[in-house]
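Numbers restart at 1 for each chain; the letters A, B, ... are given by sequence-line order, proteins then strands.
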Amino acid sequence: MDAQDLEKLNDMLDNESDLREKIRDKINDLDKKTRIMVGILNKIHSTRTESIPALLDSVRPVLISCGETFEGLAELIPPHQFWRWKDMWCHSLRTAVFAATIIEYLTNHSLLSLKAAAETLGIKEEWRDRVTLSAEDYLHGLISLVNELSRLAVNTVTLGNFEEPLRISAFVKDLFAGFSMLNLKNDTLRRRFDSLKYDIKKIEEVVYDVSLRKLVPAGNTENGSSK
Amino acid sequence: MSLLPTFQSFRDELDDHNDRREWLIKASRDVTNIAKKTIFLLHRVVLESENPFDDRSASIKASKQGREKLVQIQQIYASLSHELVGEKYWRYQRQVSPGLQEFIEALAFAHFLEFSTLISFQQVQDTLRDSNGNLYFPLTISDYLLGVSDLTGELMRHAISGFSKRGGRSNALAVCAFVRNCKADFERFTPHVRDLSKKQSVTAESLVKIEDAAYAAVVRSSEYDLTPDMLDDLVKSYLSNQNDERPGERWRDQDRDTDFFS
């Protein structure tokens with residue numbers, strides 16, 4: 001290799017590793033935020049229904065602040081190179097999606113769509129080729145949501161809320177029906193999807209327990225359904 | 001509200017992605033296949049000629065034939081370039097890369113036979129352009145380096161299998177120096193390029209094999225007070241008495257890239 005080529009390649013590689021470092025800084029920042037959110041959201045399992053809104057209000061500013069980090073990322077990533085770098089932040093992004101969707105569930109008992117999730121996280125449409133929320137990452141976030149809701153079904157009962165498990169059950173069944181439509185190949189999404197049935201089983205057991213003991217008003221069992 | 005329409009669109013999106021991915025994997029295998037055949041062709045054409053190292057004509061002929069075959073790969077890339085536009089290239093880079101590296105290896109071998117130099121990054125990139133000069137897709141440094149790293153193994157084969165030919169020993173010495181330089185040049189890139197250090201250890205092994213052969217050449221020729229040409233003639237007459245089979249013949253039976261010289 002002649003010296004000039006050698007130098008050129010070396011410069012190109014140095015630039016790449018500089019960029020990688022800068023991206024890593026942004027991701028550390030994002031990680032910090034998602035950890036704070038997950039920390040606060042852990043308290044939903046020990047918070048009574050009436051105090052949940054206040055708890056969610058304390059997470060929202062952190063969630064919104066993720067937008068700044070994504071903006072910083074979008075400035076760093078060269079055009080068209082989203083897929084080249086996305087593996088570096090997909091874990092944090094999925095956690096952020098989880099936070100956004102569980103906040104939405106606890107607020108409105110509805111599913112935050114992919115588009116709405118991207119908006120909440122401040123990911124702009126015009127960054128498509130640099131920073132975007134892919135279907136795969138969104139679906140990963142939803143699976144984390146189901147994992148968490150199955151725990152919540154148990155813990156709300158402990159806190160004396162017997163109706164929440166019914167609502168969770170209907171919501172999760174809808175989601176499961178959706179996931180069942182996908183042709184998943186043998187990847188992590190598939191494996192995590194396979195684990196959903198245990199969450200559903202757990203939720204159903206809770207529903208069974210509270211219904212059997214007539215802890216919920218009769219006829220209410222199907223009311224939580226969103227169909 | 002039913003979630004089914006939403007998930008329907010996810011299904012379409014994921015199916016589309018998986019189909020494209022599979023398709024590119026297949027295309028990449030085709031590329032690998034053609035590239036491997038080209039490499040064998042290059043070895044074969046050189047060895048089949050009467051005196052491959054007397055002048056450059058045998059190597060240039062091999063290189064020319066090799067390049068003709070590599071056009072098939074360029075056609076494959078031309079046909080799938082529309083699937084690799086913009087961000088899609090980076091999405092499927094991992095599917096494209098294995099075949100691309102094999103192509104670069106074959107291209108680098110053909111280039112070496114013709115010019116005795118290492119093909120540059122720019123030269124590789126220029127083979128990936130259509131007639132208007134537009135790139136089929138951008139070349140990454142990593143694919144380039146991993147591709148040309150594999151060249152050293154082929155050069156080891158080339159040097160050792162041509163060893164008994166006239167001029168084969170000086171060819172082996174030249175290849176030895178070239179591979180040694182490659183290894184030195186690539187060394188500084190290893191922290192930046194994943195898997196390059198593995199390739200470097202393969203290169204080191206190949207280098208040792210060539211060095212051992214070069215050593216044997218020097219030691220043995222020192223026992224005779226003959227010029228290299230006379231030695232070549234001596235070896236050649238010995239070989240032709242021993243062996244009626246044309247040396248090129250055995251290459252036809254080898255269709256896999258196994259390490260049959262080790």
- Message: Tell me whether the rings of Trp83(A) and His17(B) are parallel (<30°), tilted (30 to 60°) or perpendicular (>60°).
- Response: parallel

- Message: Please classify the contact of Leu4(B) with chain A as side chain, backbone, both or neither, using a heavy-atom distance under 4.5 Å.
- Response: both

- Message: Let me confirm one number: the CG-OG1 distance from Leu114(A) to Thr6(B), rounded to the nearest 0.5 Å.
- Response: 9.5 Å

- Distance in Å, Leu184(A) CG paired with Leu14(B) CG, rounded so as to fall on 0.5 Å steps: 6.5 Å

- Bottom line for Val193(B): the part with an atom under 4.5 Å from chain A's heavy atoms is side chain

- Query: Any ion pair linking Asp129(A) and Arg91(B) (charged N to carboxylate O, less than 4.0 Å)?
  - Reply: no

- Message: Can you tell me which portion of Asn181(B) sits under 4.5 Å from chain A's heavy atoms? Options are side chain, backbone, both or neither.
- Response: neither

- Query: Can you tell me how far CD1 of Ile141(B) sits from CG of Leu13(A), rounded to the nearest 0.5 angstrom?
  - Reply: 4.0 Å

- Contact origin within Leu142(A) toward chain B - heavy atom pairs under 4.5 Å: side chain

- Trp90(B) side chain reached by Lys86(A) side chain, heavy atoms, under 4.5 Å: no

- Measure from the ring center of Phe179(A) to the ring center of Phe10(B) and say whether it is less than 6.0 Å. no

- Decide yes or no for Leu6(A) and Arg188(B): does some side-chain heavy atom of the first lie under 4.5 Å from some side-chain heavy atom of the second? yes

- Item | Pairwise distance CG(Leu182(A)) to CG(Asp15(B)) - rounded to 0.5 angstrom | 8.5 Å

- Item | Heavy atoms of other groups near Gln4(A) CD, more than 12 under 6.0 Å | no

- Item | Phe186(B) portion near chain A, given a 4.5 angstrom heavy-atom threshold | side chain

- Task: Find out whether Gln81(A) and Glu87(B) are in side-chain contact, i.e. whether some heavy atom of one side chain is under 4.5 Å from a heavy atom of the other.
- Result: no

- Message: Heavy-atom cut-off 4.5 Å, strictly under: side chain, backbone, both or neither for Ser120(B) against chain A?
- Response: both

- Query: Is any side-chain heavy atom of Gln122(B) closer than 4.5 Å to a side-chain heavy atom of Lys8(A)?
  - Reply: yes

- Evaluate the side-chain proximity of Asp5(A) to Phe121(B): yes if any heavy-atom separation is below 4.5 Å, no if none is. no

- Distance in Å, Glu16(A) CD paired with Thr140(B) OG1, rounded so as to fall on 0.5 Å steps: 8.0 Å

- Check whether Tyr144(B) gets within reach of chain A through its side chain, its backbone, both or neither, counting any heavy atom under 4.5 Å. side chain

- Enter the distance from His192(B):NE2 to Arg20(A):CZ here, rounded to the nearest 0.5 Å. 10.0 Å

- Query: Heavy-atom distance under 4.5 Å to chain A: side chain of Glu13(B), backbone, both or neither?
  - Reply: side chain

- Note on the structure: Honestly, the part of Ile119(B) sitting under 4.5 Å from a heavy atom of chain A is neither

- Message: Walk me through whether Asp174(A) and Phe7(B) qualify under side chain to side chain contact (heavy atoms under 4.5 Å, CB included).
- Response: CA-CA 11 Å; Asp174(A) 271 3; Phe7(B) 276 84; over 6 Å; no

- Check whether any side-chain heavy atom of Leu3(B) lies under 4.5 Å from a side-chain heavy atom of Leu175(A), and answer yes or no. yes

- Task: Side chain from CB out, backbone as N, CA, C, O: work out which of these in Asp87(A) comes under 4.5 Å of a heavy atom of chain B, or both, or neither.
- Result: side chain

